[in-house]
Protein chains: 2
Amino acid sequence: MTTSESCSDCSVRDQALCGSLTNHELESLNRLGRRRHVAKGETLAWAGDDNLVCGNLLSGVLKLSSATTDGREQIVGLLYPADFVGRPFADQVDYDCTALTDAELCVFPREPFERALADHVQMERLLLQRVLAALGDARGRIVSLGRGSASGKVAGFLLDLADRAGTSGCRAMPGGPLTFDLPLSRGEMADVLGLTIETVSRQMTAMKTAGIISLPGGRAVTILDRQALEARLD
Amino acid sequence: MTTSESCSDCSVRDQALCGSLTNHELESLNRLGRRRHVAKGETLAWAGDDNLVCGNLLSGVLKLSSATTDGREQIVGLLYPADFVGRPFADQVDYDCTALTDAELCVFPREPFERALADHVQMERLLLQRVLAALGDARGRIVSLGRGSASGKVAGFLLDLADRAGTSGCRAMPGGPLTFDLPLSRGEMADVLGLTIETVSRQMTAMKTAGIISLPGGRAVTILDRQALEARLD
DNA sequence: AACCGCTTTTGATTGGGATCAAATGCACTT
DNA sequence: AAGTGCATTTGATCCCAATCAAAAGCGGTT
């Protein structure tokens, strides 16, 4: 995989915010931004830092998380390719942003980017849509955290990931078993779902025992019975 | 209290989105919208409905909630005066929207409002800011739901309300005890915090017994010891 | 292969909040 | 004042997930 600095071969060119720009506009934005590679486990920004950059995620998965007083953390959001990263108009970073996998971003200094936003109404509109989507995602998490049982939380999370993996995941036949890699460790799943590592692990093995999923090894998961997973949601 | 239909005497004129408009622009928006009174307990919109309106909340408190399969509900957000109500660019309503107190809104048909947004860049910018704030609020709720103990959740919620009540609440002397009315029942607090009515009630009486708050009657609460409340957060 | 560090799994026990149940309080009607 | 319908409080018990503890798996290094 080459890592050219040009937008024209950007892997998320037409899904990310920039998709709304003409080639000419894109060129000026291109001069503003630069590619940045982030290694798995590396933290791009810490909560409380000066809020200097934002950008688009090109590949990989990031987590947004908050450390809690008891030494653990709560993950408040996951970011996937083409998602917007960062928080315009804020002076400080509000959540730690860490790479769950190796990741590639296209980053812009925040203030110049905000000016560019003002100049490109279409882009601001798309950003609004994206923030609305993030809000929807966050509220869905609230429902899951507030009311779900442990098995419902894990089942729901696997379904989310399965939908997300839809294209990149691997499935033998349409409607058949779907296999994909979890981008998170058990501990990170626990931090998303408000559970402990042990509970997540137990729920996973319970589903394996029930024949709903299988765990081929590594971080791979195969969803054998999607309906059974959906039945566990409540 | 008079309920004139004019923007010029709107109680949230300079805090809501419309604050960015010139008097002339405001007039055209004024023709688009209308005042609507909602009685306590009344539901403005149900999840799944066609998404027909949005607007600004002028007075009162609204809740956004999702019914869960077990017959309860999870509240995903509370809306206060000057907050924006509704979800532009979506075909369907995503959460039930219900008045916790009698409330007054300024509502616009969604599609004309979206066109007005496009015409008034400044207003779109303010909406973006508001949605970003709502996202921050939602993520704060995620952290509270995911990791907090029951006493931490209740303490945090009381602190939120106290800050919100700041001006409207009543306090004998600066830094002294603050008294305000809860806009929610015990059951609704439980639905915000992901707890049961009984647990919320027990936490409240525990704090009363500890001398941290007092419950003068009705839905009033007095915060006697803010620091003790903050100490309970984790 | 053997060792190391780390993640995951599995087991035993505990505890905090849910649940079930009943009493009390409070606003409103008659 | 008595009665009605709710909301809230209080009490007793139970259960799910947390906690504590240890074993098993797994990748990387020498």
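In what follows, chains are A, B, ... by sequence order, proteins preceding strands, each numbered from 1. This structure is a prediction, so every number in the text was calculated from the model and none was measured.
Inter-residue side-chain proximity for Arg141(B) and Leu78(B) is flagged as met; some heavy-atom pair is nearer than 4.5 Å. Using a 4.5 Å heavy-atom threshold, the side chains of Val192(A) and Leu184(A) count as touching.
Side-chain atoms of Glu198(B) lie closest to dC20(C) of the nucleotides dA18(C), dT9(C), dC20(C).
Within the 4.0 Å cut-off from OP1 or OP2 of dA18(C), not a single side-chain nitrogen or oxygen of Arg72(B) is found. Of the side-chain N and O atoms in Thr205(A), one or more sit less than 4.0 angstrom from OP1 or OP2 of dT10(C).
Salt bridge annotation for Arg147(A)-Glu73(B): absent, with no cationic side-chain nitrogen under 4.0 angstrom from a carboxylate oxygen. Under 4.0 Å is where a charged nitrogen must lie from a carboxylate oxygen, and between Glu230(A) and Arg226(A) at least one such pair does.
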Point to revise | Residues Arg72(B), Asp191(B); criterion salt bridge (Lys or Arg N to Asp or Glu O under 4.0 Å); working and verdict | key: CA-CA 8 Å; Arg72(B) 293 153 73 188; Asp191(B) 289 338; 5.3 Å; no
Exercise for review: Go through the steps for Thr68(A) and Asp70(A) under the test side chain to side chain donor-acceptor pair (under 3.5 Å), then give the verdict.
Suggested key: CA-CA 5 Å; Thr68(A) 56; Asp70(A) 60 355; 2.4 Å; yes
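With a cutoff of under 4.0 Å to any heavy atom of chain B, the contacted region of DNA chain D is bounded 5' to 3' by dT8(D) to dA12(D).
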I'd like a list of close polar pairs between nucleotides 4-8 of chain C and the protein, N/O only, cut-off under 3.5 Å.
{"residue": "dT8(C)", "atom": "OP1", "partner": "Arg186(A)", "partner atom": "N", "Å": "3.4"}
{"residue": "dT8(C)", "atom": "OP2", "partner": "Arg186(A)", "partner atom": "N", "Å": "3.2"}

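Taking atom CZ of residue Arg202(B) and atom C1' of nucleotide dA18(C), one finds them 9 Å apart after rounding to whole Å.
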